[in-house]
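Quick notes on the structure that follows.
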2 protein chains.
Amino acid sequence: MTVRGLNATAASLLGLLHGDSLTGWDLVATAQDRIGNFWTLTQSQVYRELARMTEDGLVTVGAPGPRDRKPYTITDAGRHAFAEWLAGAPTHDQIRVPLLLTILFSDHLEPGRLAEILAAERAAHAGRLAAYREHEGRLTDDPVRLATLRFGIRHEEAALAWFDELPGLLSATTPPR
Amino acid sequence: MTVRGLNATAASLLGLLHGDSLTGWDLVATAQDRIGNFWTLTQSQVYRELARMTEDGLVTVGAPGPRDRKPYTITDAGRHAFAEWLAGAPTHDQIRVPLLLTILFSDHLEPGRLAEILAAERAAHAGRLAAYREHEGRLTDDPVRLATLRFGIRHEEAALAWFDELPGLLSATTPPR
DNA sequence: TGGTACATGTAACATGTTACATGATTAG
DNA sequence: CTAATCATGTAACATGTTACATGTACCA
């Protein structure tokens, strides 16, 4: 029951618990669906955070159902902790793009290999953009989800535009031997 | 001397060590300068990775200099491990945008608070973009660094465009009571 | 000679990842 | 009755963060 500060992962679980009670399994699925595009969390984390939040009195466990399903319900303390977390300034973004390291050190790479990597990465971004756009059409009713999806779309569009200007930027790299 | 796989953080240190030998302190500063915009690493991590890589024979420590400065030098094994890491497919991007959680759950927030948060975030992005653009002017000679910087610029431009379309997207959110 | 920047590192903890172990229910 | 899926969770490890402890050299 020690009071601990919420992290964003725990907070998002509490956010998802504001409606019905959900089991750990449900939470994994729901999180994947609702925030999976911009926030990853694993099964392990979910169960760990649930155990911790139970200890802290932010959620309560209901009686085990059919397959040992255990519904978690948010408490008033949980709502309060969530509201406090939500009203605080969001922490800084975390962006780590391994490809940029590859590019930065690409002089230690055979030229052909870089082109391969870039092509594969570009394709992955294009695929994600297409999936987002398809999703976009089916989200006309939910403004906040649309807003987060739009962020993803903008992000992927920017990535593609960048991929397309890359050859021009890097052409000077190739040493003229 | 157990062989361990490289992680991106260790690899980037090896990348930076391809020129001169550098001390842990130097590496922190150099990393901040060269990859700081898209890859964070702390002092603690640097010393930990250096200790580990020394154990693994990827780098060697030179004789302590003036202020107990210890120059680290990459070994052939280190170069090999780095080359192998670099040629591999980059791992997937890691993007975590806490603000998107804030927005997704913004119905639990007083309306005015959301506007405040958005304004502050937008300003932060605008500031970063300005800094990048200023930097851009002074980078005409280094194509790979320019390429990574351009990624940052594209990313920030996308963010700003998204902030500007946000009010329109979210206006439907406000329940008409 | 006293403060600042340099330079090392450890300790403790928080968070995230991967792999595994266990069993219940359901669908075919 | 058997395979797939649901559902729990632990263990071990990797990575990242924050705070602290220690001392050195330089500069005003």
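Chain identifiers are assigned alphabetically (A, B, ...) following the order of the sequence lines, protein sequences preceding nucleic acid strands; residue numbering begins at 1 within each chain. Not measured: the values here are computed from a predicted model.
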Can you tell me how far P of D/dT5 sits from CZ of A/Arg69, to the nearest Å?
17 Å

5'-most by nearest nucleotide on DNA chain C - A/Ala8 or B/Trp25:
B/Trp25

Along DNA chain C (nearest heavy atom to each residue), the more 5'-positioned of A/Thr40 and B/Pro71
B/Pro71

Just compare C/dG16, D/dG16, D/dG9 and give me whichever is closest to any side-chain atom of B/Thr9.
D/dG16

Of all the choices, D/dT17, C/dT17, D/dA7, which nucleotide is nearest to the side chain of A/Gln45 once you look at every atom?
C/dT17

When rounded to whole Å, the CG to P distance for the pair A/Leu22 and D/dA7 reads 12 Å

Can you check the A/Leu6 CG to C/dA14 P distance for me, whole Å?
13 Å

Among D/dA7, C/dT18, C/dG9, which is the nearest nucleotide to the side chain of B/Lys70?
C/dG9

Nearest-angstrom distance from the residue atom CG of B/Leu13 to C1' of D/dG16
14 Å

Is there, by distance only and without an angle test, a donor paired with an acceptor across the side chain of B/Arg96 and the base of C/dG16 below 3.5 Å?
no

List the atom of B/Ala31, the atom of B/Leu41, and the distance in Å for their closest heavy-atom pair.
CB-CD2, 3.4 Å

Is any N or O donor-acceptor pair between the side chain of A/Ser44 and the base of C/dT18 shorter than 3.5 Å?
yes

Distance in angstrom units between A/Arg48 CZ and D/dA11 P, rounded:
13 Å

What's the shortest heavy-atom distance between A/Arg113 and B/Gly88, and which atoms?
NH2-C, 3.9 Å

From the candidates D/dC6, D/dG16, C/dG16, the one with an atom nearest any side-chain atom of A/Arg67 is D/dC6

Closest to the B/Tyr72 side chain, choosing from C/dA7, C/dG9, D/dA7:
C/dG9

Taking CG from B/Leu50 and P from D/dT15, how many angstroms apart are they, rounded to a whole number?
15 Å

Remember a base hit wins even if backbone is also touched, and classify A/Pro66 as base, sugar-phosphate or nothing at under 4.0 Å, heavy atoms.
sugar-phosphate

Can you tell me how far P of C/dA21 sits from CD of A/Gln43, to the nearest Å?
15 Å

Can a salt bridge be assigned to the pair A/Arg145 and A/Asp33 using a cut-off of 4.0 Å between side-chain N and carboxylate O?
yes

Where A/Leu14 and A/Gly78 come nearest, the two heavy atoms and their spacing
CD1-O, 3.7 Å

Looking only at the side chain of B/Thr23 (C-beta and beyond, no hydrogens), which of the listed nucleotides C/dT17, D/dT15, C/dA7 gets closest?
C/dA7

Scan side-chain atoms only and decide if A/Thr23 and A/Asp26 contain a donor-acceptor pair under the 3.5 Å cut-off.
yes

A/Asn7 CG to D/dG16 P, straight-line distance once rounded to whole Å:
17 Å

With a 4.0 Å cutoff (strictly under), does any side-chain N or O of A/Tyr47 reach OP1 or OP2 of D/dT8?
yes

